[in-house]
Amino acid sequence: MIGIGIESSCDESGVGIVKNGVEVLAAPLFSQINMHLEYGGVVPEYASRAHLEKFPALVKEALQKASINNQNKPDFIAATIKPGLVGSLLVGYSVALALRDYFSVPLVPVHHLMAHFAAVYLSGQGIEYPALGLLVSGGNTALYRLNTPHETVKIADTCDDAIGEALDKAAIMLGFGYPGGPAIERAAQDFTAWAKKENVRAAQKLLPQILKNTKAGDIRFSFSGLKTSLLYTLKSQRKEKNQNPNESQKMAYAFEYRAVEHILRNVEKALNKTKLKRLIAAGGVMANLSLRRGLEKICTEKGVSFIVPEKKYCTDNGAMVASAGWLALKNGVVAEQNFVTSENDFSFCKFRGS
Ligand code: KG4
């Protein structure tokens, strides 16, 4: 079964052609990062226009690479319909409608967060139910109980910023530009490469622990306090004219350390509370090595199986959308919603079917 996935929820235009949900035949991707760089974040209208400009060539490239044509048709088209920037989603959804009509095949609407989880299929892994799902991206930081392909229940969410958003804003404060996650990770790695062990340990205490005194059952994310704390620390450093470039690497490490620690603590609490024996972690921030290693360690200690997409499929792409579409069809689920929206609730998942 061959599916074409269309991703356009934010600033990546992606077309993925995937066989049986697992084998990537083509996955051209255009990232608008350079376009949004000077604004320090995604400008929604520019994002929509760039999707419109880039999709025709991306679709052509993908079809040629995977040898898909009127004689060798795909079995379905899948497109992200929520959550995301509505203008961007509309462009991708229109592309998907055109492909649906051209090939006369079904169109499967896909929930973006589910597509992030489905990305594990692209590296030969799979989702077994029930499982704890951790989603860490630019717009979301949440924990879910994945009960069945039809039922996903949110366990915890962020009270303010998403982790990716916080990393992006922290990077601007540190003068690294957009997107911040990879830049902060690189700077933090540079710091640990040159700093002495005792300096690394001291840097871990430069910023306060997030929601330090929360109880075992209190599972929630928050990153705005950490952001503010970074802002005031940098202000006081600048006042003291302490602007050594190594200082930015140290602060990047301090920020990443506390942010990752906070996610790890919440995941551990959720595993203790739910007693689930599988963790699936997905979303752009799962490209971060410290987070991957930290989760791996917790899972090993607890005898929990840890499933995470390959780094290249953690950030937005079309292949994960094709996999999610395949998963929905395989499980006989038919989405009841076929309009794009920025909302991230799972009411969409009131599926008909087996
Ligand atoms: O999943 P994604 O591509 O888009 C959304 O659906 O939001 O995630 C994008 C986010 C950005 O905030 C980016 O800074 C972050 O993922 N990110 C990272 C890394 N690579 C991307 N954060 C930390 N470490 C990374 N290596």
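When a ligand or atom number is given, it counts from 1 through the structure's own listing order. The model shown is predicted, which means the values in this text are computed figures rather than measured ones. Count residues from 1 along the sequence.
Not a single heavy atom of Lys311 sits less than 4.0 Å from an atom of ligand 1. Residue contacts with ligand 1 leave out Cys10, since none of its heavy atoms falls under 4.0 Å from the ligand. Assignment of His116 to the shell around ligand 1 is supported, since a heavy atom sits closer than 4.0 Å.
Taking every heavy atom of Asn288 and a limit of under 4.0 angstrom, the matching atoms of ligand 1 come to 23 (C), 24 (N), 25 (C), 26 (N). Less than 4.0 angstrom separates some heavy atom of Leu167 from each of these atoms of ligand 1: 22 (N), 23 (C). Interface of Gly139 with ligand 1, defined as ligand atoms under 4.0 Å from a residue heavy atom, comprises 7 (O). Distances below 4.0 Å separate heavy atoms of His112 from the following atoms of ligand 1: 6 (O).
Atom 15 (C) of ligand 1 has as its closest protein heavy atom Val285 CG2, 3.8 Å. Nearest to atom 1 (O) of ligand 1 among the protein's heavy atoms is Gly284 N, 2.9 Å. Ranking the protein heavy atoms by distance from atom 26 (N) of ligand 1 puts Glu185 OE1, 2.7 Å first. Shortest contact from atom 18 (C) of ligand 1 to any protein heavy atom: Gly181 CA, 3.6 Å.
By heavy-atom distance, the residue among Ile163, Asp168, Leu135, Val42 lying nearest atom 13 (C) of ligand 1 is Asp168.
At a 4.0 Å heavy-atom cut-off, ligand 1 touches Asp316 through backbone and side chain alike. Of the heavy atoms in Thr315, both backbone and side-chain atoms come closer than 4.0 Å to ligand 1.
There is no side-chain donor-acceptor pair under 3.5 Å between Lys330 and Asn20. No donor-acceptor contact under 3.5 angstrom links the side chains of Ser224 and Asp161, judged on distance only. Between the side chains of Tyr102 and Asn70, a donor-acceptor pair is found at a separation under 3.5 Å.
The distance from the CG atom of Leu231 to the CG atom of Leu174 is 10.5 Å, given to the nearest 0.5 Å.
At least one N/O-N/O distance between Gly164 and ligand 1 falls below 3.5 Å. For the pair Gly138 and ligand 1, the shortest N or O to N or O distance falls below 3.5 Å. When only interatomic distances are considered, the shortest N/O to N/O separation between Ser9 and ligand 1 does not fall below 3.5 Å.
Taking the side chain as every heavy atom from C-beta outward, Ser48 and Leu90 never approach each other to under 4.5 Å. Side-chain contact between Arg278 and Cys299: absent, with no pair of heavy atoms (C-beta onward) separated by less than 4.5 Å. The shortest distance between side-chain heavy atoms of Arg292 and Glu296 does not fall below 4.5 Å.
For the side chain to side chain contact (heavy atoms under 4.5 Å, CB included) with Gln32, the qualifying choice from His51, Glu12, Lys54, Arg49 is His51, the only one to do so. Across Asn317, Asn140, Asp316, a single residue satisfies side-chain hydrogen bond (donor to acceptor under 3.5 Å, both in side chains) together with His116, and that is Asp316.
Between the side chain of Arg258 and the backbone N or O of Leu207 there is at least one donor-acceptor pair closer than 3.5 Å.
Salt-bridge check for Arg201 with Glu198: failed, with every basic side-chain N at 4.0 Å or more from each acidic carboxylate O.
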